[in-house]
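Remarks on the structure that follows.
Atoms considered below: every heavy atom in the structure, side chains included; atoms not considered: hydrogens, waters and symmetry mates.
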Amino acid sequence: MLYLYMALACLMTGILLLISLRSAWIYLIDHPLPVHNNIGEYCDPMDTTECLLPFPSSFYSVKDDTTETGIRVNIHLEALRSIFRGKNDPKHPMHVNGHDGFSTSGTILFYLDGIKEAGGLGYNNHTRLMGPDEIELSVGPQSMTLLLDVESHELVPHFAEIDYLDDDRPLIIVQSAQSLAHNRRYAVALVDAAGADGRRLQGSQYLAKLLTSKDDENLSESELLRGSYYRDVIIPMLHNKAAPWLYERGGGAIQMLFDYHTSSFNSQLGMTRRIMTNSLDLIKKESWGGWGDHNVRFLNMVDYSDSCINPDGALARIVEVEIDVPHFLTGRNRAENLSAEHVMNTIRPMKLVVIIPCSIATGSKPVKAFVDYGHGFFGSRKELLYAFFIHRFAHEDGYIVFASNWRGMSFLDLAVIQKAFISNPNHLDSVIANIIQGFADKAVVQHFVSTALLSMNFVQFGSQSFVKEEPVRRIFYGISQGGILGSAYSTLLSNLSPELLDAAIITSAGSPFSLLMSRSLVFPAYKVLLLTSLHNNRCVRIFISLIQMYFDKISGPLVGLSGFSEHKEFRTLIQAGIGDPIVTTIGTEIMARDYKASMFRSNPKLIYGIQAEDSNSSNSCITELFYNREFNELPTKNIVPQVRGNIVHDIARQDEALLSQIRAFINKGEFMDVCNEIGCVRER
């Protein structure tokens, strides 16, 4: 599978560049960076290394009494234009300006010249950048970066790194240990950073000007207000409560300071929830007519039931079926957007594949569970046909497994994503719109399977009725991309329609997108695409952080978030392989903290913020396998893994320990301590 991912990425890079010659003509013709790319009225003067830095920043927002947060993102076209190149005037992702705040999970970016040369060490070795394994130190006096929750007056756990995506144009990346709260203000401070000579670096001259000028006629009213806010609110808050040690270090200790406001729950996820709700409401109406010949169509069947007498026989039947689903896109192609209303007043066909194991067909096992399989990276529902390990445990335990395409992130969507990366970032809105439609589609599929599948003629075996174990469990099982999208989908569905989903299994996944993307082995192909329209790798990094605001609508678990009422009985099992070069377990552990997960004491490593306990006392549990050799071969810096033969991403899901845990979870709803019973350290 690793080679399949790499081949797919290479194929995408080659073929899709060919089918976008017009875009390439516009964007491959380079023009030099603007002379004043880091200076101008539309750039935040706090960080003069690049126009859009620091990001996010309140500089790029305005007051707006019509929004829930009271502000609106307002990045001027000229600022966005600074990272793009091209022969003609390029289009830019202006839709981010419709948000009422910045991402709750995206990476925070800034830079102060000289930090890289010191290797991230601070003045007099008092401070340093605290990496992913030192999160607990990020809220103490040794941390060079401070992330402040302005409402609670407390520091927020995080990690910070030098970004090596562009050696010539470095950045500092700050990533919160878990998603931030919605509709809340945060401040970011750089303190006691040093250069290669160990001396404290000169801080932002603009910050010094803001803090010392109370009535400078050269500063605008908004600048004077910003300076007053930092001088009279943020810095006293740091000195008096959040970071009292700063007071003793003098005025030069704070070298950069900026703040921003996160978006509301409704701005991020309101449309996703509304489309799913409207879709489920429509199919439950009397006018829908239930499920029958008018909205269900049999397409194809492969019958293996004669082989069920063979001890090795696992599958009795593979069925492909098409059902109608409500359609909320403003058109039928992949480059359209959503309307919360059923604007087309039409339906759209949705295909799914269903596998029925021999044990259920012969009646030797009752139907114990319906398992919805979420496919991997730009795959399709047919991935299920080759997931033989799933066939085996479905047969042994009595599961009917089904799969449908992740609309928006299946192989059918590659062209739209390619166009968004090369020629028109506004097409990312279409990508997200299709994924949201896909969430609604999958919810409808789940309703069909749960309420009507077993009554359909095409799944019947003669006159024999299916034996069901009541209640039949309804499980979502997402792998890789299926888990990344499935974390949001499953928590949303369990909240909107608890009778349709009992539990979720998330394997080899993580969040957020802006962290995962550049740490993945498949990233180089996407970087090639992005560099056709962006000036350099630093601009690529800024772009990825910027578009996290798009992906907030469809990613990350929603457990415990403001505006989200959690389904108390819904449980989630999270699994990962430490040493995975496709989806970093740093992201898996961020996701686990968002789930408020626990772990067993036998887990092969401690995870910051995850309680080690009897994990059956919580609603979420994370279990990791530690692949010793592969982990030690991964880079320690924030760069793309340069490894060969590392197949952790594929083999972890098939490991007998994790499969045993999955089966116990599906069958009984319990978390099994497989690390204690089987062991979770692998030397290969």
Practice problem: For Ile436 and Asn434, run side chain to side chain contact (heavy atoms under 4.5 Å, CB included): C-alpha distance rounded to whole Å, both residues' side-chain angles, the deciding distance at 0.1 Å, then the answer. | Solution: CA-CA 5 Å; Ile436 293 173; Asn434 274 276; over 6 Å; no

Quiz item: So Ile610 and Glu589, side chain to side chain contact (heavy atoms under 4.5 Å, CB included) or not? Walk me through it.
Solution: CA-CA 8 Å; Ile610 303 294; Glu589 292 167 4; 6.0 Å; no

Self-check item: Full working for side chain to side chain contact (heavy atoms under 4.5 Å, CB included) between Phe258 and Met256
Solution: CA-CA 7 Å; Phe258 55 97; Met256 190 174 294; 4.2 Å; yes

Quiz prompt | Pair Met144-Leu190, side chain to side chain contact (heavy atoms under 4.5 Å, CB included): steps then yes or no | solution = CA-CA 6 Å; Met144 191 188 295; Leu190 174 71; 3.7 Å; yes

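Between the side chains of Arg682 and Asn628, no donor N or O sits under 3.5 Å from an acceptor N or O. There is no side-chain donor-acceptor pair under 3.5 Å between Asp552 and Ser263. Using modelled atom types and a 3.5 Å distance limit, the side chains of His158 and Gln175 yield no donor-acceptor pair. Using a 3.5 Å distance cut-off with no hydrogens or angles, the side chains of Gln142 and Thr127 do not pair a donor with an acceptor. For the residue pair Gln661 and Thr623, a side-chain donor N or O sits within less than 3.5 Å of a side-chain acceptor on the partner.
Although no hydrogens or angles enter the test, the distance criterion places a donor-acceptor pair under 3.5 Å between the side chain of Thr588 and the main chain of Ala509. Side chain of Asn603 to backbone of Met599: no donor-acceptor contact under 3.5 angstrom is found. Of the possible polar contacts, one joining the Ser82 side chain to the Ala79 backbone as a donor-acceptor pair under 3.5 Å is found. Put simply, the side chain of Gln481 gets close to the backbone of Met409: a donor and an acceptor are under 3.5 Å apart. Under the 3.5 Å distance criterion, the side-chain polar atoms of Tyr42 are left unmatched by any main-chain donor or acceptor of Leu80. Listed for the Ser508 side chain is no donor-acceptor partner under 3.5 Å among the backbone atoms of Ser480. Of the possible polar contacts, one joining the Thr491 side chain to the Ser487 backbone as a donor-acceptor pair under 3.5 Å is found. Remark: the backbone N or O of Ala181 is paired with a side-chain donor or acceptor of Tyr186 at under 3.5 angstrom. Looking only at distances, a side-chain donor or acceptor of Asn536 sits under 3.5 Å from a matching main-chain atom of Cys539. Under the 3.5 Å distance criterion, the side-chain polar atoms of Ser520 are left unmatched by any main-chain donor or acceptor of Met517.
Salt bridge annotation for Arg538-Glu50: present, with a cationic side-chain nitrogen under 4.0 angstrom from a carboxylate oxygen. Salt bridge present: Lys442 and Asp372 bring a charged side-chain N and a carboxylate O closer than 4.0 Å. A salt bridge links Glu134 with Arg128; the closest basic N to acidic carboxylate O contact falls under 4.0 Å. Ion pairing of Glu630 with Arg644 is absent here, as no side-chain N (NZ or NE/NH1/NH2) approaches a carboxylate O to less than 4.0 Å.
Taking the six-membered ring wherever Trp is involved, the centroid distance between the rings of Phe439 and Trp406 falls below 6.0 Å. Ring centroid separation for the pair Phe102 and Phe55 comes in under the 6.0 Å cut-off.
Listed here is the closest heavy atom pair of Val648 and Gly577: CG1-O, 3.7 Å. Residue Leu516 comes nearest to Gly587 through the heavy atom pair CD2-CA, 3.9 Å, listed as atom of the first residue, atom of the second, then distance. Between Glu683 and Val681 the shortest heavy-atom distance is OE2-CG1, 3.7 Å. For Tyr60 against Asp44, the heavy-atom pair with the smallest separation is OH-N, 3.1 Å.
A 4.5 Å side-chain heavy-atom check between Ile506 and Phe476 finds at least one atom pair inside the cut-off. Lys527 places a side-chain heavy atom less than 4.5 Å from the side chain of Asn537. Residues Leu171 and Leu53 meet the side-chain proximity criterion, which asks for heavy atoms closer than 4.5 Å. Counting heavy atoms from C-beta on, the side chains of Tyr164 and Val640 never come closer than 4.5 Å. Put simply, the side chain of Gln255 does not reach to within 4.5 Å of the side chain of Ser204, judged on heavy atoms. By the 4.5 Å heavy-atom criterion applied to side chains, Ile108 and Thr145 are not counted as neighbours. For the pair Phe159 and Met130, the minimum side-chain heavy-atom distance is 4.5 Å or more. Considering only heavy atoms from C-beta on, Ile586 comes within 4.5 Å of Arg519 through its side chain.
Enclosure of atom CZ in Phe631 is not indicated, since only 12 or fewer non-hydrogen atoms of other residues, nucleotides or ligands lie within 6.0 angstrom.
Aromatic ring orientation, Phe513 versus Phe551: parallel (interplanar angle below 30°, classes split at 30° and 60°).
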